[in-house]
Amino acid sequence: MFKTMIAGAAAAFAMSSSFAADVTGAGATFPYPIYAKWAEMYKAATGTGMNYQSVGSGAGIKQIKAKTVDFGASDMPLKAAELDEAGLMQFPAIMGGVVAVVNVEGVAPGQLKLTGPVLADIYLGKITKWNAQEIAALNPGVKLPSDDITVVHRADSSGTSFLFTDYLSKTNPEFQQKIGAGTAVKWATGVGGKGNEGVAANVQRIKGSIGYVEWAYAKKNKLSHTQLKNKDGQYLQPDDENFKAAAASAEWTKTPGFAVVLTDTAGKNSWPITGVSYILMHRSQADAAKGKEVVKFFDYAYKNGTAAAAELDYVPMPASVVKLVQGAWKAQLKDASGAAIY
């Protein structure tokens, strides 16, 4: 079912460029599966296409700043000062989870347990064998091979990398000091892959590898995910209920630009690498018609896309947050004359 949905949505994306009223966006790979599905639904409902390039958050930020697309998408929220400098507004579109995925012989999907500190030490190159004492201690009774660990990370500027490195930085002081959190960091070891797709492909190909991807990609590619220990000491499997639990802690009204980060949040059922995907638009819309179409697309998705989001294990934005976003659209998005476009 998942493959059929994504294949159909991808086809809708490919077809969309031939319509004059179509809107274009670029950025994060994290939300691509749900944006593809929403685009398919919106095209069927309105006849308007949405052409989205899944190129990574860093590239999406660059493209919207350069005004080569109608909207950008990033899983790392921009701070208020950067938004102001670029004349941008930012709003949350969808939430979901990042998972660690492995290719370890004899280990079933969801069987392996990891903690933030141990995962960080793997990415620091300090733990190099799958049967290392640090991993074995977390997994009594699991037969771990003596294979070398190959670390896989993103090669492009990535919001998924931001969420992953932010989590590792919060749980491991050495990782924070030596690598830190960011969309593009200087990794201590490993091989790179472009996009969630590239990381997933490398993990599938390389025996003994470990990587990180958005949960929908792990499911789509039948990758073997791991459990993670959260801030409350609970080992969890990734699912939308645990992503929702982490999202419940978000303080949207107190955060400028809705710039909420949901990694390592407290709560018994909170998945530790939960994230929000954001949309970036210019506050002053040179082409007001295009700006209106972008807003209409996401307004439609908020109202009609919740079931599709849940089916792909994303977390839709709560109605209270949608109302805040609609208020921000009205207050911040203007045409050339200064009139609100929403």
Side-chain angles (χ1 to χ4, degrees), residues 23-28 30-31 34-35 38-39 42 46 48 50 52 57 60-67 69-96 159 162-163 243-244 246-262 265 274-306 309 314-342:
V23 295
T24 61
F30 175 96
I34 187 58
Y35 290 177
W38 284 345
Y42 191 66
T46 68
T48 300
M50 195 277 277
Y52 182 73
S57 296
I61 293 166
K62 285 182 180 177
Q63 289 197 39
I64 188 60
K65 285 183 175 180
K67 300 185 178 181
V69 289
D70 301 317
F71 69 90
S74 174
D75 305 324
M76 181 188 74
L78 301 190
K79 293 179 180 176
E82 187 174 358
L83 292 170
D84 290 344
E85 184 182 353
L88 296 172
M89 79 155 295
Q90 172 175 268
F91 62 89
I94 197 72
M95 297 178 284
F162 165 73
L163 295 171
F243 305 155
K244 284 179 187 174
S249 68
E251 295 188 339
W252 300 104
T253 56
K254 299 179 182 179
T255 313
F258 302 103
V260 168
V261 178
L262 298 174
T265 58
T274 300
V276 184
S277 202
Y278 293 91
I279 299 301
L280 299 164
M281 295 178 67
H282 285 278
R283 294 173 188 169
S284 178
Q285 290 286 312
D287 186 338
K290 281 290 184 76
K292 286 179 183 178
E293 286 297 336
V294 173
V295 170
K296 283 167 65 178
F297 173 80
F298 284 103
D299 200 40
Y300 173 90
Y302 284 149
K303 293 171 182 173
N304 302 282
T306 56
Y314 290 93
V315 179
M317 302 311 300
S320 59
V321 179
V322 171
K323 192 172 181 180
L324 291 173
V325 170
Q326 291 168 334
W329 287 340
K330 190 170 185 178
Q332 297 184 45
L333 295 176
K334 311 289 184 181
D335 64 14
S337 69
I341 67 168
Y342 178 72

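In this chain, numbering begins with 1 at the start of the sequence shown. Side chains are part of it too, since the values below use all heavy atoms of this structure and drop only hydrogens, waters and symmetry mates. For clarity, every value in this text was computed on a predicted model and none was experimentally measured.
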> Are Met317 and Val325 close enough, and set up right, to give a side chain to side chain contact (heavy atoms under 4.5 Å, CB included), and what steps lead you there?
Replying inline: CA-CA 10 Å; Met317 302 311 300; Val325 170; over 6 Å; no

>> Checking Met281 against Ile64 for the side chain to side chain contact (heavy atoms under 4.5 Å, CB included) test, could you report, in this order, the C-alpha distance in whole Å, the side-chain angles of both residues, the deciding distance, and whether it holds?
In response: CA-CA 7 Å; Met281 295 178 67; Ile64 188 60; 5.6 Å; no

> Are Tyr35 and Ile279 close enough, and set up right, to give a side chain to side chain contact (heavy atoms under 4.5 Å, CB included), and what steps lead you there?
Replying inline: CA-CA 11 Å; Tyr35 290 177; Ile279 299 301; 3.4 Å; yes

>> Would Met95 and Phe243 count as a side chain to side chain contact (heavy atoms under 4.5 Å, CB included) here? Give the steps.
In response: CA-CA 8 Å; Met95 297 178 284; Phe243 305 155; over 6 Å; no

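Smallest separation of non-hydrogen atoms from Gly291 and Gln285: CA-OE1, 3.2 Å. Closest approach of Ala250 to Val260, counting heavy atoms only: CB-CG1, 3.7 Å. Contact between Ile341 and Lys292 at its shortest, heavy atoms only, is O-CG, 3.4 Å. When all heavy atoms of Ser57 and Ser74 are compared, the closest pair comes out as OG-CA, 3.4 Å. Between Trp38 and Ala93, the shortest heavy-atom contact is CH2-O, 3.8 Å. When all heavy atoms of Met50 and Ala39 are compared, the closest pair comes out as O-CB, 3.9 Å.
Salt-bridge formation is detected for the pair Lys296/Glu293: a Lys NZ or Arg NE/NH1/NH2 atom is positioned less than 4.0 Å from an Asp or Glu carboxylate oxygen.
Between the side chain of Trp329 and the backbone N or O of Val295, no donor-acceptor pair lies under 3.5 Å.
With sequence neighbours left out, the ring-ring contact (aromatic ring centres under 6.0 Å, His included) criterion links Tyr300 to Tyr42. For Asp335, the side chain to side chain donor-acceptor pair (under 3.5 Å) partners are Ser337, not counting sequence neighbours.
In this structure, the separation between CG on Leu88 and CG on Leu83 is 6.0 Å, given to the nearest 0.5 Å. A distance of 10.5 Å separates OG1 in Thr255 from CD in Gln90, rounded to the nearest 0.5 Å. The CG atom of Asp75 lies 5.5 Å from the CZ atom of Phe30; values are rounded to the nearest 0.5 Å.
Less than 6.0 angstrom separates the ring centroid of Phe298 from the ring centroid of Phe91.
Two residues are said to be in side-chain contact when any heavy atoms from C-beta on lie closer than 4.5 Å; Thr274 and Thr265 fail this criterion. Residues Lys303 and Asp299 have side chains in contact (heavy-atom distance under 4.5 Å, counting atoms from C-beta outward). Contact of the Val276 side chain with the Phe258 side chain is not registered, since no non-hydrogen atoms from C-beta on lie closer than 4.5 Å. Pro31 is not listed as a side-chain neighbour of Tyr278, based on a closest heavy-atom distance of 4.5 Å or more. Counting heavy atoms from C-beta outward, Ser277 and Tyr314 have side chains that stay 4.5 Å or more apart.
Counting heavy atoms of neighbouring residues, nucleotides and ligands inside a 6.0 Å radius, atom NZ of Lys62 does not exceed 12 of them.
Classification of the Phe71-Tyr52 ring pair by plane angle, with boundaries at 30° and 60°, yields parallel.
Residue pairs that meet the salt bridge (Lys or Arg N to Asp or Glu O under 4.0 Å) test with at least one member in residues 81-90, sequence neighbours left out, are Lys65-Glu82, Asp84-Arg283.
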